[in-house]
Amino acid sequence: MNDLLNFILTQNAFRENRLPSLYSDFAIHRKTNPDGYAVNVAAWEQALMKAAKHGYLSSSHGQAVTPSKGATRKSDHLVLRADKSLLRDLEIREWGQPVALGAVFEEAMRNRLMVPLQVYKSDPACLQKPQWRLINPGVLNPWNVMSWGLKQLKGVVGVDESSPGLQAQEFVLVENLKEAAGGIVKQVMGKSPSDTDLVYSKESFVNEFGTILNHESELSETDFDVLLLYLSRDSGAIAYDGKTIKFRPSNDAPREITQQDSTVASIKALMTTMTKQIGNLEKKISELNSTAKAALHNKNRISALSAVRSKKLAERNLQQRLDTLVQLEEVYSKIEQATSQVEYIQVMEASTGVLRGLNAHIGGATRVEDVVDELRDEMSKVDEIGNIMDEAGPQIDEAELDEELEELESKEQQAKEEEEAEETRRKLAELDDLEQKVKEAARTTASEQSMESELEDRLSRMSVEETAGTATQ
């Protein structure tokens, strides 16, 4: 059993008791049992898309790509090839091959979950969900032509409700495509990148986002072709010219790749290449050093000299690449600095224009001085009017005000003293109550002690009487 089938059989919808229905020709129940038909179609659609997302589909060229040692495998994640090899991969000994897979792909195309690869490349509108509207016969795009052809073919041949035959073709898995594109945009834009960070060469883009859907498998070349087409044409997230990629932080950003973008992408790609070469040379030097030591240990002077000579050459190459990498990093740093300066100057220019407009609206410093002088004159007039109105108003006796204030203070002091006296009476009452409770407790204790004394006396007399009676006997 292959990896694809193993993965699909682990899905909840592919429980053992569901396999007979899923592998049967359930297309004949499209009208008689539409709910069961829809459930089976959805189960196959989701299983195949999940299997592709996890890298369990063979490549669009018909064979899986075997990874090198320490590398992840490459497989199609965004494109599914529907042909007889897929049926063989899904075959189960008990139930054979899935008979209704052709109907599954037909429904997936109708709902735009899957789109034929060639149609997707030529028709930008093919990802749009179908609407309840008449198709304009003048719009002869590939999707409309294909849909019309399938309907006519059914009418001429007289196909019944059974599953259509599986046509060998490649489908774009729309949900996987949108998930991968969204993950890449989120990863790039979530770092608050500078303008230079938004630029990639195609090689660096492939290396950076190869495992965006699954860490154990990389996207295939076909996947990247579809993904770049979607990001540039359908979502508008990037500008792309076939070699250089630049993410667009907003819809106002240009869609063209400039010479500056291409240069930045080339420098970043060269820096990446140099870093890899440096790592390989360092590993080679370490291996040659070990080889020379082993040769000396075995008294093989010729092999030791050869290893040391190769080591010296590798060290020279390493130093050259280190120097080149330092120069590239310095150039890249200057480009970043210049880019930031350009942005700063642009902001300063825009700010200058804003201030110029505001100052023009104000009318300059002379107008401001005139306005301030006029404001002071008006404020002084208000003060003069206020003084005149105060003089014309009723005169208040200051002595009368002092007497009223003293009366208020006296009432306040009296209220405060009454409050303190009330608090004192309350505390005294609490003390009396506490004293009564103490006396009551003392009386209770004395009574208990008296009862205990009387009880002891009685017990003592009883003991004496019993002793006397015993002696008499």
Side-chain angles (χ1 to χ4, degrees), residues 41-42 44-53 55-62 74-83 85-86 101-131 133 135-136 138-151 153 164 166-185 202 205-206 209-210 212-214 218-243 245 247-248 255:
V41 168
W44 275 111
E45 289 173 346
Q46 294 301 317
L48 290 172
M49 285 190 288
K50 287 182 179 179
K53 179 180 176 180
Y56 289 112
L57 294 182
S58 59
S59 70
S60 56
H61 301 289
K74 285 189 176 183
S75 58
D76 288 333
H77 297 70
L78 312 180
V79 177
L80 182 149
R81 182 174 178 80
D83 56 10
S85 64
L86 177 63
L101 206 57
V104 172
F105 290 128
E106 186 177 276
E107 291 292 337
M109 284 192 295
R110 183 177 293 111
N111 296 320
R112 302 297 195 270
L113 294 176
M114 300 181 189
V115 177
L117 179 59
Q118 297 304 320
V119 174
Y120 175 72
K121 289 181 177 180
S122 58
D123 183 13
C126 65
L127 295 185
Q128 298 176 1
K129 291 290 184 180
Q131 303 292 332
R133 59 181 176 83
I135 297 177
N136 183 357
V139 182
L140 296 179
N141 59 52
W143 182 267
N144 291 342
V145 172
M146 183 192 70
S147 301
W148 179 84
L150 288 174
K151 293 177 182 179
L153 181 62
L166 186 62
Q167 302 293 328
Q169 58 181 323
E170 294 174 330
F171 293 100
V172 175
L173 305 176
V174 178
E175 289 187 0
N176 291 3
L177 173 60
K178 292 182 178 180
E179 182 179 349
I184 290 174
V185 173
K202 186 175 181 179
F205 183 87
V206 170
F209 304 112
I212 189 66
L213 283 180
N214 187 275
E218 296 181 4
L219 301 180
S220 65
E221 293 182 6
T222 305
D223 287 339
F224 274 109
D225 290 341
V226 173
L227 182 59
L228 289 170
L229 180 60
Y230 177 81
L231 287 170
S232 59
R233 185 191 69 183
D234 300 326
S235 71
I238 65 172
Y240 177 54
D241 64 354
K243 295 181 180 179
I245 300 157
F247 284 85
R248 302 173 65 238
R255 288 182 173 270

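Note that this is a predicted model, so its numbers are computed, not measured.
- Aromatic ring pairs are classed by plane angle as parallel below 30°, tilted from 30° to 60° and perpendicular above 60°; the pair F171 and F105 is parallel.
- The main-chain N or O of L113 is never found under 3.5 Å from a side-chain atom of N111 such that the two would form a donor-acceptor pair.
- Minimum interatomic distance between D223 and S75 (heavy atoms only, all atoms of both residues): OD2-O, 3.3 Å.
- Nearest heavy-atom pair, F224 versus G210, reported as atom, atom and distance to 0.1 Å: CZ-CA, 3.7 Å.
- By the 4.5 Å heavy-atom criterion applied to side chains, I184 and F247 are counted as neighbours.
- Between the side chain of N176 and the backbone N or O of M49 there is at least one donor-acceptor pair closer than 3.5 Å.
- Contact of the L227 side chain with the F209 side chain is not registered, since no non-hydrogen atoms from C-beta on lie closer than 4.5 Å.
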Apply side-chain contact (heavy atoms from CB on, under 4.5 Å) to the pair I238 and R248, showing each step before the final yes or no.
CA-CA 5 Å; I238 65 172; R248 302 173 65 238; 5.6 Å; no
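- Looking at H77 and E179, their side chains never come closer than 4.5 Å, going by heavy atoms from C-beta outward.
- Between the CG atom in D241 and the CZ atom in R255 there is a gap of 14.0 Å [rounded to 0.5 Å].
- With values rounded to the nearest 0.5 angstrom, E218 atom CD is found 12.5 Å from I212 atom CD1.
- Atoms OG1 and CG, from T222 and L117 in turn, are 7.5 Å apart once rounded to the nearest 0.5 Å.
- For the atom pair I245 CD1 and K202 NZ, the distance stands at 7.5 Å (nearest 0.5 Å).
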With side-chain contact (heavy atoms from CB on, under 4.5 Å) as the criterion, how do L231 and F205 come out once you've worked through the C-alpha distance, each side chain's angles and the decisive distance to 0.1 Å?
CA-CA 13 Å; L231 287 170; F205 183 87; 4.1 Å; yes
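- A pairwise comparison of heavy atoms in V174 and R112 identifies CG2-O, 3.2 Å as the closest pair.
- The two residues N214 and K53 come nearest to each other via the heavy atoms CB-O, 3.5 Å.
- A donor-acceptor distance shorter than 3.5 angstrom exists from the side chain of R233 to the backbone of K121, with no hydrogens or angles considered.
- Between atom CG of residue L86 and atom CG of residue L80 there is a gap of 6.0 Å, rounded to the nearest 0.5 Å.
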Would E175 and E45 count as a side-chain contact (heavy atoms from CB on, under 4.5 Å) here? Give the steps.
CA-CA 11 Å; E175 289 187 0; E45 289 173 346; over 6 Å; no
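- We find the CG-CG distance between L213 and L177 to be 9.5 Å, quoted to the nearest 0.5 Å.
- Residues Y120 and D234 bring a donor and an acceptor atom of their side chains to less than 3.5 Å of each other.
- A distance-only check finds no donor-acceptor pair linking the side chain of D123 to the backbone of V119 [under 3.5 Å].
- In this structure the side chain of L127 reaches within 4.5 angstrom of the side chain of Y230, judged on heavy atoms.
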